[in-house]
Amino acid sequence: MPEEKKAADKFTTIDELARRRGFFWQSNEIYGGVAGFATYGSLGAKLKQNIERKLRELFVNKLGILEIESPVITPSKVFEASGHIDHFKEPMVECLNCKKRFRADHLLQEHAKIGESESERMNLKELNEAIERHIIKCPECGGTLGKPKLFSTMFKTTIGPYAGAVGYGRPEAAQGIFVEFRRLYEMTREKLPFGVLQVGHALRNEISPRQGLIRLREFTIIDLEFFFDPEEPNCFLLKDVEKEKLRLFLAESKLRGSEEITEVTIKKALKKGYIKAEWQAFFMACFQKVLADLGVPAEKQRFIEKLPWERAHYSLQSFDQQFYDERWGWTEVSGHAYRTDYDLKRHMEFSGQDMRVYKECEEPVEKEQLIIKPIMAKLGPIFKRDAAAVAEMLSKTDPKEIETSLKKKGHHMLGKFKILPEHVEIERQKVVERGSRFIPHVVEPSVGSDRLVYVALEYAYHVKEGRVLLSFPRDIAPVQIGVYPLVSKDGLPEKALKLHKRLLDEGFMVDYDEAGSIGRRYARADEIGIPLGITVDYDTLKDDTVTIRDRDTWEQVRSPIAALPELLRRYFRWKINFKDLGKPFKG
RNA sequence: GCGGUUGUAGUCUAGUUUGGUCUAGGACAUCAGCCUGCCACGCUGACGACCCGGGUUCAAAUCCCGGCAACCGCACCA
């Protein structure tokens, strides 16, 4: 905009631009709005779609990852299994005097020497009793503490008319993938490794969301769950990325209080054990590329390793991908967690469904198996009604243990039951093992779509000669082409409208504008990041050629209309550059 | 949630201290028209605002209370 506000920071400037030009704004403004919700306007919605499309192109199209779409509302059982109900809430106490709030369990750990695992298992009543017993006062002012209460950051609801049917808005899209694992695995024709992607809304009832698109209560999450065999953890795509460098901010540096960045190739990061899973390293490289393609240079990116107590309950190792933000410093865009078999294992326990996969051995292994068979004809008369239970116990005990015991002592005690050699038949059987069952491991890259939109905006924002440009990479620009008559008379608008229609018909996102001077229209277009401007002038009427203008350099070339569709298609697929679009032209 | 600051058209803002000449002023944007022959030209006109709800007062954008929201700190951020 005309006067440049030196004082305003980039975030404020972008926020204002976004509202004015219709990228996004706060929802429900007419009622005052509530923090943490945003509505995208047509430009923002398109930008977001384009960014998501790029991710799909990379992961779904090129890497063959499956995409699914599952519901936001999820029965509570799912989050009991996933551990979110236990972990997505915090017991808080408020000081009755100074009103400051504290984590109840943290206070007990610090002031009552109660261990972390113990304090975390306590319910509110126990916490309250423990606080009273240890006479814990407010660490700030010494005031009396109120009763602890839980603050859940999941949105709770009831499903249907029954209050007992509790559901939650999902805080991540991942669980929608884990619960469908069996079917998805069948869809890959039972082959590992494979990945599943989901793009969708997630809900987190943040205590105090600020920062616009960066922290929303309802947002779009892109979760990618990649399943692999922990015994074959090698990433067969690693060679494509192993020479790429990552900037790591390792936990060990953090613990030392250092800000040291370890810049290493993927290969070295794995060799040195900085990153534990190859696939995780691979996806980290992918996301570094994604951010680079959105305009964030490598030196404005880093991966920060989470300290053990900062990690989610399901994670063995986590990195957060951060970009440098002028307002807030290093800000997370994506998280990379090694979730191991945690989720599938839990769903297996809670649902009773088998989440294991079957793996054939390379060669069948012949094994001799020891089998202890109860002779019921003998057990019955001796143990009477306990006979069945004894047989059951026999089957659950390690046969080897029974055999040695019988050999050495002449009997084996099963609880109070004394088993003698004549009660059982010992058999050695040859069994051929053709395979085994195991729970796959998972690495998860997870990225906030809204944050990507913000990143793209922040890094596209430029000021040239006092005018604002959004220099979006050409493949994410919400509008690709502007078509303008040089002046709005002498048949130029008619000619330009025809061209506009034709380009729309070719599948491009095209704007038409004839209001105001040509310079004004270029400026308007630059401000919403339209990469190319096509102008119909008096020569167009004679020879059917038009000028094409580059948003970033303001240079122009001249080209015949007939050649445009093919040229433009190739331009937007990054096959050719601006200069290849036509002959140089001076207006 | 707490403390501080703040809330005027699409955007940025004047006015708020000291209530009344405020029928709320300006700039930019937008729209209509003229103009316009390649980078925000100019002219004419139009549209458009006191965050919401109470209170004090003859009178409230202005003072008071409550709510909501934003910004900055604290806390939270799986």
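Values below: all heavy atoms of this structure, side chains included; hydrogens, waters and symmetry mates excluded.
Checked by distance alone, A:Arg215 brings a side-chain donor or acceptor within 3.5 Å of a matching partner on the base of B:rC76. Judged by distance alone, with hydrogens and angles left aside, A:Arg467 brings a side-chain donor or acceptor within reach of the base of B:rC39, the pair sitting under 3.5 Å. Side-chain to base pairing of A:Tyr31 with B:rC68: no donor and acceptor N or O lie closer than 3.5 Å to each other.
As judged by a 4.0 angstrom heavy-atom cut-off over every strand, A:Ala523 is placed among the base-contacting residues. Within 4.0 Å (heavy atoms only), A:Ser318 reaches no atom of the nucleic acid at all. Here A:Arg549 lies in heavy-atom contact (under 4.0 Å) with a base. At the heavy-atom level, A:Tyr314 lies under 4.0 Å from the strands shown only through sugar-phosphate atoms. Using a 4.0 Å heavy-atom cutoff across all strands shown, A:Gln26 reaches sugar-phosphate atoms only and no base atom.
The partner of B:rU17 cannot be assigned: no Watson-Crick or G-U wobble pair with both contacts below 3.5 Å exists in any strand. Figure legend. B:rA60 is base-paired to no nucleotide; pairs are counted as Watson-Crick or G-U wobble with both atom distances under 3.5 Å. Taking a pair to require two hydrogen-bonding distances under 3.5 Å in either a Watson-Crick or a G-U wobble arrangement, B:rC12 pairs with B:rG26. Here B:rA70 sits opposite B:rU5 as a Watson-Crick or G-U wobble pair (both hydrogen-bonding atom distances under 3.5 Å). B:rC47 is unpaired under the Watson-Crick or G-U wobble criterion, no partner having all donor-acceptor distances under 3.5 Å.
Counting only N and O atoms by type, the side chains of A:Tyr324 and A:Gln322 include no donor and acceptor under 3.5 Å apart. Between the side chains of A:Gln280 and A:His336, no donor-acceptor pair of N or O atoms lies under 3.5 Å.
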All N/O contacts under 3.5 Å from nucleotides 31-37 of chain B to the protein, with atom names and distances to one decimal?
{"unit_1": "B:rU36", "atom_1": "OP2", "unit_2": "A:Lys489", "atom_2": "NZ", "d": "3.3"}
{"unit_1": "B:rU36", "atom_1": "O4", "unit_2": "A:Ser488", "atom_2": "N", "d": "3.2"}
{"unit_1": "B:rU36", "atom_1": "O4", "unit_2": "A:Ser488", "atom_2": "OG", "d": "2.8"}

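The backbone N or O of A:Gln301 sits less than 3.5 Å from a side-chain atom of A:Arg247, completing a donor-acceptor pair.
Under the 6.0 Å distance and 45° angle rule, A:Arg210 does not count as a cation-pi partner of A:Trp328.
Using a 4.0 Å cut-off between charged side-chain N and carboxylate O, A:Arg451 and A:Asp325 make no salt bridge. Comment: A:Asp511 does not engage A:Arg521 in a salt bridge, judged by the lack of any side-chain N to carboxylate O separation of less than 4.0 angstrom.
The same atom, C1', is picked in B:rU11 and in B:rG55; the two are 33 Å apart, to the nearest Å.
Contact between the side-chain N/O atoms of A:Arg520 and the OP1/OP2 oxygens of B:rU30 is found at a separation under 4.0 Å.
With A:Val455 as the fixed residue, the side-chain contact (heavy atoms from CB on, under 4.5 Å) test singles out one of A:Asp450, A:Val333, A:Leu213, A:Ile51: A:Val333.
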